[in-house]
Protein chains: 2
Amino acid sequence: MERHATINDVAKRAGVSITTVSRILNNKPDVAPATRQRVLEVIQELDYTPHTQAQNLAAGRSRSIALLYPSESMGFSEMEFEFFVGCAQVAAKAGFLFNLIVNSVTEHGLLNLFRGSQVDGVILMEIHLRDWRVELLRDHDYPFVLIGRCQDNTGLSFIDVDFEYGMMAACEHLFSLGHRHIGFINLTDSLREQDYGPAVRSFWGYERACARFQLPIIYRDSLPTIDALFAATGDLLDAHPDLTGLVTMHCGSLVGVLRAAQKRGLVVPDDLSVMGILTDQIAQLITPPLTAISFPAQAMGSRAMRMLIRKLRDETYQAKQITLKPPLVVRESTGPVRHK
Amino acid sequence: MERHATINDVAKRAGVSITTVSRILNNKPDVAPATRQRVLEVIQELDYTPHTQAQNLAAGRSRSIALLYPSESMGFSEMEFEFFVGCAQVAAKAGFLFNLIVNSVTEHGLLNLFRGSQVDGVILMEIHLRDWRVELLRDHDYPFVLIGRCQDNTGLSFIDVDFEYGMMAACEHLFSLGHRHIGFINLTDSLREQDYGPAVRSFWGYERACARFQLPIIYRDSLPTIDALFAATGDLLDAHPDLTGLVTMHCGSLVGVLRAAQKRGLVVPDDLSVMGILTDQIAQLITPPLTAISFPAQAMGSRAMRMLIRKLRDETYQAKQITLKPPLVVRESTGPVRHK
DNA sequence: TTGTATGCGTTATCAC
DNA sequence: GTGATAACGCATACAA
């Protein structure tokens with residue numbers, strides 16, 4: 001709470017104008033070496049640092065970027081942590097402040113972030129196929145990047161996981177192990193009907209895999225909680241005793257699947273192979289360590305941030321749309337089918 | 001990227017001075033109802049919103065708070081996620097921006113956050129018993145709150161978990177189940193020697209419990225990774241075949257403990273009871289669901305943020321030091337001792 | 001109750 | 001090369 005030296009103090013002490021000091025601070029040309037030297041010394045003496053806030057106001061920017069993550073749906077959120085850290089690391093290295101907004105935002109609130117120069121750009125998470133935030137920001141021509149994507153993505157920058165590919169890859173892995181009755185547990189319909197992209201595309205992937213391998217469609221949906229997945233899995237196993245493989249687009253809560261299997265005396269992977277799509281960290285936490293589609297959350301966060309920052313630096317930067325094909329990591333929850 | 005109405009535009013259009021507009025924006029008294037009415041209408045018409053950044057510069061504040069979380073040690077970080085969300089929610093409700101800084105910060109960098117009015121206050125995580133950041137901020141009289149605490153906490157505001165109590169409670173739980181040979185796995189010495197508080201105090205708790213119940217001290221330390229805990233546990237079990245209970249201050253990586261037990265044919269909890277200190281989310285993810293000291297991460301985050309905001313609002317606000325006694329939640333990893 | 005004038009700490013546009 | 005001076009958009013002591 002002390003009073004700090006300002007650019008004025010420096011200018012006076014060095015016997016130059018604030019303009020010159022400003023030039024030196026911003027590494028602009030056209031300043032005599034001797035002058036620069038002297039001013040730098042004074043800056044040292046006075047322990048002066050520029051007032052970021054004032055710099056930003058004058059320059060018409062904020063040097064900060066917000067991540068909008070509506071957190072209503074808190075689950076096993078190691079994944080979100082990785083998103084955050086990925087974003088935050090890149091932002092800091094580029095000299096940006098990173099703010100995290102987890103409350104749901106109103107239209108007014110979102111616009112005000114930009115109008116008040118609180119942020120230079122935002123990254124959106126939990127994108128719906130039709131998302132009012134996207135339309136709003138696009139209409140106003142504010143810089144933003146999506147983690148996830150919409151139905152119509154023309155002109156948008158996003159980074160997303162190819163859920164369709166992921167689910168297909170999971171099915172293919174099980175198929176190659178000899179499984180011919182592969183169940184699928186998706187996110188509950190109510191969310192799919194709200195156009196939640198990953199749920200929709202995951203189902204497509206499962207459908208396509210079944211079509212290609214000529215497998216029966218064995219399907220349930222479930223809320224993303226352990227209990228719900230426990231119930232859904234039980235239901236599915238009871239209805240389809242011939243099931244030997246199970247794929248889900250759920251994350252941590254799929255331990256409910258494992259417990260449902262265990263309750264019925266099924267050993268994973270001997271009697272039932274199980275797969276999901278989750279971060280390596282969480283997959284390793286589960287018993288048995290889960291063969292899974294590896295969700296590259298941190299990489300997505302950092303790449304989204306990089307895209308946004310490039311966009312901010314370069315007005316002409318073209319929208320970039322990245323769809324990552326997540327790798328499959330084999331661990332211990334899948335194995336060759338064993339006919340009963 | 002449009003040009004927005006300013007307070008000047010509003011003033012002109014309403015035929016008043018900017019002072020009056022400012023008064024109305026800030027809900028100050030002494031403004032005629034009629035005037036207020038008229039100005040508010042103009043604000044509507046022009047779709048005006050105050051420029052937050054300029055407000056902050058003029059008012060000498062930033063209305064934002066940073067959380068400093070040096071993320072070198074990424075583990076199973078659902079816990080950190082909860083800290084973040086706890087902080088972020090409270091900040092947003094109080095009208096503060098929340099920035100997350102995960103990179104390690106230099107002395108200069110930390111000071112500049114304040115000098116440049118980038119933040120009004122900070123919350124520190126990963127506190128060491130002697131922490132240069134604490135001393136620096138205290139010397140400069142900048143507002144901050146700790147999640148965790150130091151050795152000398154005079155005048156500091158912090159919120160912390162009582163690890164000593166937690167470890168004692170864990171031991172007591174096992175003792176009450178009949179266990180008389182309770183091992184302990186702490187964080188590795190190298191970190192303890194760096195004065196990392198939780199490790200130090202956890203060990204105190206274990207020691208005190210052993211003293212009180214007259215138990216032998218059976219102890220190893222380990223890095224917080226699955227592999228390290230697997231190795232440490234194996235080592236401990238081999239050296240002490242009479243071990244029936246195991247307490248650790250580790251979080252997610254304690255699945256290494258469970259796997260070491262499993263490898264030796266020990267069933268948890270029948271042959272070995274295991275406890276840790278972790279969030280409920282992670283405890284439920286583990287198989288078997290873990291009896292654990294429940295780490296109240298989100299509550300700590302929100303309380304820390306509340307403390308800091310009160311401090312910012314009220315200069316006279318006294319330093320508050322909160323040490324939470326985390327509850328013990330019984331799940332399925334502990335049971336009565338079964339003599340071999 | 002309202003308005004004037006000054007300040008917040010910079011950057012940027014000119015002249016010189 | 002360098003320096004006035006005007007923005008940037010708002011808050012606020014003081015005067016009216």
Side-chain angles (χ1 to χ4, degrees), chain A residues 1-40 42-43 46-64 95 112-118 120, chain B residues 1-40 42-43 46-63 95 112-120:
Chain A
M1 310 301 233
E2 317 133 37
R3 198 205 160 277
H4 292 106
T6 72
I7 198 173
N8 245 305
D9 301 330
V10 175
K12 270 181 203 153
R13 181 88 101 102
V16 297
S17 76
I18 60 172
T19 310
T20 303
V21 179
S22 178
R23 278 201 194 88
I24 292 168
L25 290 175
N26 299 298
N27 289 317
K28 305 240 165 155
D30 292 339
V31 41
T35 317
R36 159 166 280 128
Q37 177 65 26
R38 185 154 34 94
V39 171
L40 286 177
V42 173
I43 288 176
L46 266 46
D47 193 23
Y48 163 75
T49 19
H51 193 272
T52 320
Q53 197 175 238
Q55 285 183 311
N56 288 338
L57 175 62
R61 48 166 160 80
S62 73
R63 283 226 184 295
S64 71
N112 278 9
L113 284 177
F114 287 93
R115 296 187 178 178
S117 271
Q118 309 222 74
D120 292 336
Chain B
M1 307 307 233
E2 316 132 40
R3 197 203 161 280
H4 293 104
T6 74
I7 197 173
N8 246 305
D9 302 330
V10 175
K12 270 181 204 153
R13 182 89 102 101
V16 297
S17 75
I18 62 170
T19 310
T20 303
V21 179
S22 177
R23 278 201 193 90
I24 292 168
L25 290 174
N26 299 300
N27 288 317
K28 306 243 163 152
D30 292 339
V31 40
T35 316
R36 160 167 278 126
Q37 177 64 24
R38 184 155 34 95
V39 171
L40 286 177
V42 173
I43 288 177
L46 266 48
D47 193 22
Y48 164 75
T49 19
H51 193 271
T52 320
Q53 196 175 238
Q55 284 183 312
N56 289 338
L57 174 61
R61 49 166 160 76
S62 73
R63 284 230 182 294
N112 278 9
L113 284 177
F114 287 93
R115 297 187 177 178
S117 269
Q118 309 222 75
V119 303
D120 293 336

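Chain letters run A, B, ... following the sequence lines, proteins first, then strands; residues in each count from 1.
Between Leu57(B) atom CG and dG9(C) atom P there is a gap of 7 Å when expressed in whole angstrom units. Atom CD1 of Ile24(A) is separated from atom P of dT10(C) by 14 Å (rounded to the nearest Å). Rounded to whole angstrom, the span from the CZ atom of Arg61(A) across to the P atom of dG9(D) amounts to 15 Å. As rounded to whole Å, 6 Å separates atom P of dG1(D) from atom CG of Asp30(A). Residue Asn56(B) contributes atom CG, which lies 19 Å from atom P of dC8(D) at whole-angstrom precision. With rounding to whole Å, Gln37(A) atom CD is found 18 Å from dT2(D) atom C1'. Distance, Ile7(B) CD1 to dG7(C) P: 19 Å, rounded to whole Å. Counting to the nearest Å, the P atom of dC8(D) and the CD atom of Gln53(B) are 13 Å from each other.
A donor N or O paired with an acceptor N or O is found under 3.5 Å between the base of dT4(C) and the side-chain atoms of Thr19(B). The base of dT2(C) sits with one of its N or O atoms less than 3.5 Å from a complementary donor or acceptor on the side chain of Arg23(B).
Among the atoms of the strands shown, none is found under 4.0 Å from any heavy atom of Thr52(B).
Remark: side-chain polar atoms of Arg23(B) are not paired, donor with acceptor, to backbone N or O of Asp30(B) under 3.5 angstrom.
The distance from the CG atom of Leu57(A) to the CD atom of Gln55(B) is 11.5 Å, given to the nearest 0.5 Å. Taken from OG in Ser117(A) to CG in Asn112(A), the straight-line distance is 11.5 Å, to the nearest 0.5 Å.
Listed pair Lys28(B) / dT12(D) meets the phosphate criterion, a side-chain N or O lying under 4.0 Å from OP1 or OP2. Contact between the side-chain N/O atoms of Ser17(B) and the OP1/OP2 oxygens of dT4(C) is not found at any separation under 4.0 Å. When the side-chain nitrogen and oxygen atoms of Asn26(A) are compared with OP1 and OP2 of dT11(C), one or more of them lie within a distance under 4.0 Å. Of the side-chain N and O atoms in Thr35(A), none sit less than 4.0 angstrom from OP1 or OP2 of dG1(D). Within the 4.0 Å cut-off from OP1 or OP2 of dC10(D), not a single side-chain nitrogen or oxygen of Ser22(B) is found.
Along DNA chain C, the nucleotide nearest to Gly15(B) and the one nearest to Ala5(A) differ in position, and the one closer to the 5' end is contacted by Gly15(B). Mapping Val21(A) and Thr20(B) onto DNA chain C by nearest heavy atom places Thr20(B) closer to the 5' end of the strand. Each of Pro33(A) and Ile18(A) has a nearest nucleotide on DNA chain D; the 5'-most of these lies closest to Pro33(A).
With hydrogens and angles left out, the side-chain atoms of Ser62(A) and Asn56(A) include no donor and acceptor closer than 3.5 Å.
The side chain of Ala58(B) lies closest to dC8(C) when the candidates are dC8(C), dT12(D), dT10(C). When the nucleotides dG3(D), dT10(C), dT1(C) are ranked by their closest atom to the side chain of Ala32(B), dT1(C) comes out on top.
Considering only heavy atoms from C-beta on, Ser17(A) comes within 4.5 Å of Thr20(A) through its side chain.
Closest non-hydrogen pair, Gln53(A) versus Arg61(B), comes out as OE1-O, 2.8 Å.
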